Amino acid sequence: MDEKTKQEYQAWLSSITWDYFFTGTFRKEYSADGARRACQRFFGSGWPTFELGIIFIEGYEKYGRIHVHGLLRFDRKYVPPAGLIWQHWNHRYGRARVETIRSQKAVAGYCLKYIMKKAKDETWFII
């Protein structure tokens, strides 16, 4: 990916007001596709005010299991507390971290590294 495209991705990610940076793990074994479907089910149907999410699926090398990172945005009418998202994910899938974003630019840069990676088992998708 050339530098211009990289800057465009970072500008786009920075232009959105994200509510949380999310990391989720799974108690059971999941494939990358299974993790994608789990995230789509969890965020797509469990949270009525969920607007947008970008989820990055990270492979097995680092922790021995698939895990996910993501940016989450909710409707301004109701942003669920981070602890509530954590509680529901933990009950259903495994451990999680739900962190309030303090710098849109910094988190965009961090997430851009996932977009830039060329690892075959790492994917990202928008829900």
Side-chain angles (χ1 to χ4, degrees):
M1 184 180 299
D2 62 38
E3 189 61 33
K4 182 178 185 274
T5 304
K6 181 180 173 182
Q7 289 174 354
E8 288 171 353
Y9 267 120
Q10 183 153 9
W12 176 69
L13 288 169
S14 296
S15 72
I16 298 168
T17 302
W18 300 102
D19 296 307
Y20 298 117
F21 181 74
F22 174 80
T23 302
T25 63
F26 298 93
R27 277 185 216 86
K28 299 177 183 176
E29 284 292 322
Y30 275 79
S31 65
D33 195 48
R36 177 190 55 77
R37 287 191 312 270
C39 288
Q40 287 173 315
R41 279 190 307 272
F42 183 79
F43 291 111
S45 62
W47 305 95
T49 61
F50 182 74
E51 282 188 343
L52 179 63
I54 298 180
I55 305 294
F56 309 92
I57 300 170
E58 190 159 4
Y60 300 94
E61 295 82 27
K62 194 168 183 180
Y63 298 109
R65 288 194 174 175
I66 291 276
H67 64 282
V68 298
H69 299 286
L71 296 171
L72 308 176
R73 177 183 164 83
F74 293 84
D75 186 309
R76 302 298 88 197
K77 292 178 222 155
Y78 175 70
V79 177
L84 187 60
I85 298 169
W86 177 91
Q87 180 182 24
H88 284 266
W89 182 274
N90 186 57
H91 176 73
R92 191 164 180 182
Y93 295 111
R95 297 186 70 176
R97 288 184 72 178
V98 185
E99 302 172 77
T100 302
I101 294 172
R102 292 181 284 279
S103 167
Q104 298 292 324
K105 187 175 180 180
V107 81
Y110 180 78
C111 290
L112 187 60
K113 83 175 189 175
Y114 287 99
I115 293 171
M116 299 295 293
K117 279 188 175 182
K118 301 287 185 196
K120 65 178 175 49
D121 63 344
E122 202 161 316
T123 58
W124 60 279
F125 63 96
I126 299 173
I127 50 176

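Only a predicted model underlies this, so the values are computations on that prediction, with no experimental measurement involved.
Side chains of Trp18 and Leu72 form no contact here, defined as non-hydrogen atoms less than 4.5 Å apart. Phe74 has its side chain within reach of Ile85: a pair of non-hydrogen atoms, C-beta onward, lies under 4.5 Å apart.
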task = Quick one: do Thr100 and Tyr20 satisfy side-chain contact (heavy atoms from CB on, under 4.5 Å)? Show the steps, please.
result = CA-CA 5 Å; Thr100 302; Tyr20 298 117; 3.8 Å; yes
query = Should Trp89 and Phe26 be marked as a ring-ring contact (aromatic ring centres under 6.0 Å, His included) after you check the CA-CA gap, both sets of side-chain angles, and the distance that decides it?
reply = CA-CA 9 Å; Trp89 182 274; Phe26 298 93; 5.4 Å; yes
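Within a 6.0 Å sphere centred on CZ of Arg27, other residues, nucleotides and ligands contribute more than 12 heavy atoms.
Sorted pairs that involve residues 82-94 and meet salt bridge (Lys or Arg N to Asp or Glu O under 4.0 Å), not counting sequence neighbours, are lacking altogether.
At distances below 3.5 Å, at least one donor-acceptor pair connects side-chain atoms of Thr25 with backbone N or O atoms of Arg95. Using a distance-only test at 3.5 Å, with no hydrogens or angles considered, no donor-acceptor pair links the side chain of Tyr30 to the main chain of Ile66.
In this view, Arg76 and Asp19 satisfy the salt bridge (Lys or Arg N to Asp or Glu O under 4.0 Å) rule, not counting sequence neighbours.
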